[in-house]
2 protein chains.
Amino acid sequence: MAGFCGMNGLKRLSRASVLRLELYLEVLEHFGKEGRAHITSADIGEAVGITDVKVRQDLLHLGAAGRPKVGYDVPRLTGLIREVFGVDSLKPACLVGYGNLGRALVGSNIWTKGGFKLAAIFDGDPEIVGTEAGEMRVRSITELFGVVKSEGIQAGVVVVPAAAAQEVADLLVAAGVQAIWNFAPVKIMTPETVVVENQSLAWGLITLSYRLKSRG
Amino acid sequence: MAGFCGMNGLKRLSRASVLRLELYLEVLEHFGKEGRAHITSADIGEAVGITDVKVRQDLLHLGAAGRPKVGYDVPRLTGLIREVFGVDSLKPACLVGYGNLGRALVGSNIWTKGGFKLAAIFDGDPEIVGTEAGEMRVRSITELFGVVKSEGIQAGVVVVPAAAAQEVADLLVAAGVQAIWNFAPVKIMTPETVVVENQSLAWGLITLSYRLKSRG
DNA sequence: AACCAATCGTGAAATATTACACGAGTTGGC
DNA sequence: GCCAACTCGTGTAATATTTCACGATTGGTT
């Protein structure tokens with residue numbers, strides 16, 4: 001009764017659920033690397049600081065099935081969560097703005113973790129255009145429209161100064177991008193169909209300050 | 001009944017509340033820069049995508065008072081939220097690991113936003129030690145213990161490879177740090193009294209992938 | 001001065017989330 | 001083969017969050 005795993009008719013997950021699932025995924029990948037074949041809900045719960053019941057409920061909503069006395073199959077569960085997040089297929093993405101943060105992102109392993117493949121890097125500064133960036137070359141922002149269209153790039157990461165963010169976003173949208181990860185500290189306007197995820201590095205630090213002030 | 005504003009005995013805010021308050025703060029600072037003296041709950045709500053009622057309730061818990069027909073006083077409310085987060089006083093912090101991400105953080109404006117003052121930068125690589133970093137010099141990690149102690153540094157930002165994270169955290173804790181912002185993708189062990197905030201750049205990207213997959 | 005429109009403050013209802021309790025199924029040992 | 005221990009699945013209760021509805025207060029206008 002608990003659901004045919006194949007069907008994709010999952011309920012929409014709450015934001016809190018998504019956040020927890022991301023933590024679970026990290027724990028699972030860690031245990032997976034260590035070669036553990038099974039993991040219990042209590043193990044996961046302890047690792048992320050919540051109760052085993054909540055873990056089981058979260059996993060149940062996903063249609064995951066654990067075996068009593070054994071726990072959940074690590075590779076299977078990992079795969080399931082990755083599928084829910086859609087990070088099992090690597091969608092082409094591009095990054096705009098090759099400053100320090102851009103460099104950090106390019107050199108990190110977030111792309112495969114997040115279900116994307118970095119396909120192009122753009123910058124507006126002529127001194128930076130042409131630079132080697134990992135295994136690719138930084139292209140001029142004037143090429144953006146054409147490259148995004150021809151390569152079928154689905155997502156754009158905006159790592160430019162606030163003043164340029166809206167312009168870059170417009171360009172990305174015009175070229176057909178479906179999702180934008182915005183690091184600029186401004187609200188960018190886009191059509192409803194485009195998914196925008198804003199990111200501010202300051203949030204983590206503010207949270208830290210708050211928790212430090214009220215110890216707990 | 002609803003509380004003497006002066007007293008600081010605020011209820012503990014939920015994680016969701018804190019996240020929302022951080023958004024409000026950003027909106028307020030934006031409006032403040034534009035010179036707006038007042039702002040309504042509906043304005044804030046629209047900017048962050050929630051209802052005006054929820055905004056008012058959040059602000060009420062903080063003890064903020066708005067005036068009917070006018071709204072909330074922008075500088076006053078900004079100050080109040082900053083006070084709640086404890087970002088009004090700048091606490092000394094240090095950063096460990098001067099790679100690309102470290103450089104991005106050093107060059108950003110998150111420090112004052114987050115209520116800290118970057119007081120020292122450390123790295124273990126002899127080639128990096130001594131480098132100019134903004135207005136300071138990158139110090140050797142061997143100096144960490146002494147500098148943290150003598151400068152009374154309260155928080156440490158860990159931007160080193162996973163393998164070195166625990167060691168760095170231990171060093172920071174031993175030197176008396178009260179809070180750690182950890183970018184390394186490992187769970188670090190610390191005494192209960194130390195606040196640890198984990199940050200993974202991948203989370204935003206995974207969330208984007210999820211939202212892209214299930215459009216909404 | 002009196003009215004109107006806008007906006008806040010807040011109690012109550014609806015909804016969602018989380019914690020608890022316990023039955024059911026599975027493994028491993030004797 | 002049977003028993004005991006462990007862990008999942010899930011109905012129920014408790015709690016928290018969000019929405020709704022409405023009265024109260026203020027500022028402008030005639």
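Worth saying up front: this structure is predicted, and the values here are computed from it rather than measured. For the numbers below, each heavy atom of this structure counts, side chains included, while hydrogens, waters and symmetry mates do not. We name chains A, B, ... by the order of the sequence lines, and we start the count at 1 in each one.
With sequence neighbours excluded, the residues forming a ring-ring contact (aromatic ring centres under 6.0 Å, His included) with A:Phe183 are A:Trp181, listed by chain and number.
Without hydrogens or angle criteria, A:Tyr210 side chain to B:Leu13 main chain gives a donor-acceptor distance under 3.5 Å. Remark: side-chain polar atoms of B:Lys91 are paired, donor with acceptor, to backbone N or O of B:Gly86 under 3.5 angstrom.
One atom, CD1 of B:Ile50, and another, C1' of D:dC20, lie 16 Å apart when rounded to the nearest Å. If you take OH of A:Tyr72 and C1' of D:dC8, they are 6 Å apart, rounded to a whole angstrom. Rounding to whole angstrom units, CD of residue A:Glu46 and P of D:dT7 are separated by 12 Å. In this structure, B:His38 places its NE2 atom 18 Å from P of C:dA6, rounding to the nearest Å. For the pair A:Asp52 CG and D:dC6 C1', the interatomic distance rounds to 12 Å; values are reported in whole Å. In this structure, the CG atom of A:Leu60 is 9 Å from the C1' atom of D:dC8, given to the nearest Å. Atom P of nucleotide C:dC8 and atom CG of B:Leu62 are separated by 15 Å, given to the nearest angstrom. Across the protein-nucleic acid pair, A:Asp73 atom CG and D:dT7 atom P stand 16 Å apart, rounded to whole Å.
Comparing B:Gly66 and A:Val53 by the nucleotide of DNA chain C that holds the closest heavy atom to each, the one mapping nearer the 5' end is B:Gly66.
We find that A:Asp73 and A:Arg67 are not joined by a salt bridge, their nearest charged nitrogen and carboxylate oxygen being 4.0 Å or further apart. Look at B:Glu151 and B:Lys117 and you find no salt bridge, because none of the NZ, NE, NH1 or NH2 atoms lies under 4.0 Å from a carboxylate O. Under the 4.0 Å criterion applied to side-chain N and carboxylate O atoms, B:Arg82 and B:Asp88 are not assigned as salt-bridge partners.
Applying the 4.0 Å criterion to OP1 and OP2 of C:dT7, one finds that B:Thr40 has every side-chain N and O outside that range.
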Checklist entry - Stepwise, does the salt bridge (Lys or Arg N to Asp or Glu O under 4.0 Å) test hold for B:Lys54 with B:Asp58? => result CA-CA 6 Å; B:Lys54 206 187 315 183; B:Asp58 278 335; over 6 Å; no

Checklist entry - In B/S/- notation, 5' to 3', how is nucleotides 12-18 of chain C contacted by protein heavy atoms closer than 4.0 Å? => result -----SS

Item to check | nucleotides 22-30 of chain C: protein proximity per nucleotide (B base, S sugar-phosphate only, - neither; heavy atom, under 4.0 Å) | outcome: ---BBS---

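Between the side chains of B:Asn198 and B:Asn182, at least one donor-acceptor pair of N or O atoms lies under 3.5 Å. For the residue pair B:Thr207/A:Glu22, the side-chain donor-acceptor check at 3.5 Å is satisfied.
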